[in-house]
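Report on the following structure.
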Protein chains: 2
Amino acid sequence: MPRDASATRAKLIAAAREEFAECGIGGARVERIAQQAGVNKERIYGHFGSKEKLFEAVLAQALEEHTQTLGSPCGDIGEYVGRIYDFHSRNPQVLRLMLWEALHYGEQPLPDEERRAEHYVHKTAAFAQTLGLPPGRDAAVALLMAIGLAAWPLAVPQLTRTLAGGQEGVAATVDGAPLRDTLVAFARRMLPAPASSS
Amino acid sequence: MPRDASATRAKLIAAAREEFAECGIGGARVERIAQQAGVNKERIYGHFGSKEKLFEAVLAQALEEHTQTLGSPCGDIGEYVGRIYDFHSRNPQVLRLMLWEALHYGEQPLPDEERRAEHYVHKTAAFAQTLGLPPGRDAAVALLMAIGLAAWPLAVPQLTRTLAGGQEGVAATVDGAPLRDTLVAFARRMLPAPASSS
DNA sequence: TTGCCAACCAACCTTTTGGTTGGGTAACTT
DNA sequence: AAGTTACCCAACCAAAAGGTTGGTTGGCAA
């Protein structure tokens, strides 16, 4: 069994991701994470320093994967919203991590808020271009709400269920069309149509 | 100091509401709740049975207030979304409680899921009427997304901040218009216009 | 006045928590 | 071959958690 620090880190992050997504920062148990990773608990502190720092590492990696998988917004806006919806349907952990983070930090700044803000500048720019808008606050809010459109039904499943669910689950058909299609249609209607000329 | 069971219950629920909104179910401390309420910890178990049951009681009351304050959806759809936004801006606890609940229960049914579903039937019906739609899944999804439109920027403040926030906070102006107005405009565009004839 | 019960509380118990420590071990350097 | 560094772990710790218990007391019915 060779020694491999980065492999240990990776195993810890993978285990922590499941645990944090399921239980949040306060609810996660350091012991369980270590056990799931097949690594001693102390390694968490050796490698990451604290439970909260580990959470940050998990989230950073998850968001990295998120942007890499999803790519920049381009082409049809509705289809972009559909892609966001598909991503979160297939990777429920990422959205849950974001929500735990939201509840944990609330209005106070994130530990790496600046990096995150900078990261979103690019996305906003790409989004503005496909929308035919000047990049700015307007485009940023439009992107924010496009993400919200796709994520909201998955973020509050109990509301989605009790309102529109019934026995068919989240992907239930709505008047014959899957929820996804409804969201795509809403997005197209909500967001300004791109200028047809480049 | 007279004995008054219902007053004790009320004090406990009020204290628990703050604590649960801030920390969630797992993060809330029974001791703190009791202390904040000026009541012995044991009373929580005497009156409610468990921490989780107390959470249910808190949420039931919060949602009750929510629907009572907000009323049924009627009149202009955009303005209804604006009202939802205003409510959650002024009462951040309710949305936080809903999100903690969402993360805690996830896809598994709520303890009182049936009552909740039934409760939403009326709202959906009212919403369908103002939209000029037949009450049904279509109207329910439209309502779900109207709520989402208003609540999303407040549900994920870290995203709102890093995307569109800057130094001006959540209520920041967007090209001169407050975020609320943008949401109202989005809602009007997204949702089907009500049939003009009754 | 007396008897009774719901409401109440201080103190306690068990388990679990995040975090630490001191001793070991593979592998690279010199 | 000796020394050094980075990694790893079993065992441990103080603090804090949710929940319980045994006994006390206010207030109403008889």
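Quick note: numbers below take in every heavy atom, side chains included, and nothing from hydrogens, waters or symmetry partners. Here is how names work: the chains are called A, B, and so on, in the same order as the sequence lines, proteins then strands, and each is numbered from 1.
- Spacing between atom CD1 of B/I33 and atom C1' of D/dG19 amounts to 14 Å, rounded to whole angstrom units.
- The pair A/E101-A/R116 meets the salt-bridge criterion, with a side-chain N (NZ, NE, NH1 or NH2) lying under 4.0 Å from an Asp/Glu carboxylate O.
- Listed for the B/W152 side chain is a donor-acceptor partner under 3.5 Å among the backbone atoms of A/L144.
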Scan nucleotides 23-25 of chain D against the protein and return all N/O pairs shorter than 3.5 Å with their distances rounded to 0.1 Å.
residue	atom	partner	partner atom	Å
D/dT25	O2	B/R3	NH1	2.9
D/dT25	O2	B/R3	NH2	2.8

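- Put simply, CD on A/E52 is 16 Å from C1' on C/dT17, counting in whole angstrom units.
- If you check residues 8-22 of chain A against DNA chain C, you find no residue with a heavy atom closer than 4.0 Å.
- In the set D/dT20, C/dT21, D/dC7, D/dC7 carries the atom at the smallest distance from any side-chain atom of A/A5.
- For A/R29 and C/dT17, the shortest distance from a side-chain N or O to OP1 or OP2 is below 4.0 Å.
- In this structure, CD of A/E42 is placed 15 Å from C1' of D/dC13, rounded to the nearest angstrom.
- For A/K41, taking side-chain heavy atoms from C-beta onward, the closest of the listed nucleotides D/dA10, D/dC12, D/dG19 is D/dC12.
- Note on ring orientation: taking the six-membered ring where Trp is involved, the planes of A/W100 and B/W100 are tilted (angle from 30° to 60°).
- Atom CD of A/Q35 and atom C1' of C/dT17 are 15 Å apart (whole Å).
- Using cut-offs of 30° and 60° on the angle between ring planes, the pair B/F87 and B/H66 is perpendicular.
- Comparing D/dC8, C/dG18, C/dA10 by their nearest atom to the side chain of A/K51 picks out C/dG18.
- Taking a 6.0 Å sphere around CZ of B/R115, one finds it holds 12 or fewer heavy atoms contributed by other residues, nucleotides or ligands.
- Nucleotide D/dG18 holds its P atom 6 Å from the OH atom of B/Y45, rounded to whole Å.
- Of the candidates D/dC8, D/dA10, D/dG19, the closest approach to any side-chain atom of A/N40 belongs to D/dA10.
- Distance check, rounded to the nearest 0.5 Å: CD of B/E113 to CZ of A/R161 gives 4.5 Å.
- To the nearest angstrom, P of D/dC9 lies 12 Å from CD1 of A/I44.
- Surrounding CD of B/Q108 are more than 12 heavy atoms belonging to other residues, nucleotides or ligands, all under 6.0 Å away.
- With no hydrogens or angles considered, a side-chain donor-acceptor pair links B/E65 and B/Q61 at under 3.5 Å.
- With rounding to whole Å, B/H47 atom NE2 is found 6 Å from C/dA7 atom P.
- With B/K51 contributing its side chain and B/I25 its backbone, the two residues share a donor-acceptor pair below 3.5 Å.
- A/R43 has its CZ atom 16 Å from the C1' atom of C/dG18, to the nearest Å.
- Taking only side-chain atoms of B/V30, from C-beta outward, the nucleotide of D/dG18, D/dC9, C/dG18 with the closest atom is D/dG18.
- Using a 4.5 Å cut-off on side-chain heavy atoms (C-beta onward), A/R180 and A/T182 make no contact.
- Backbone-only engagement by A/A28 is indicated by non-hydrogen atom pairs under 4.0 Å involving sugar-phosphate atoms exclusively.
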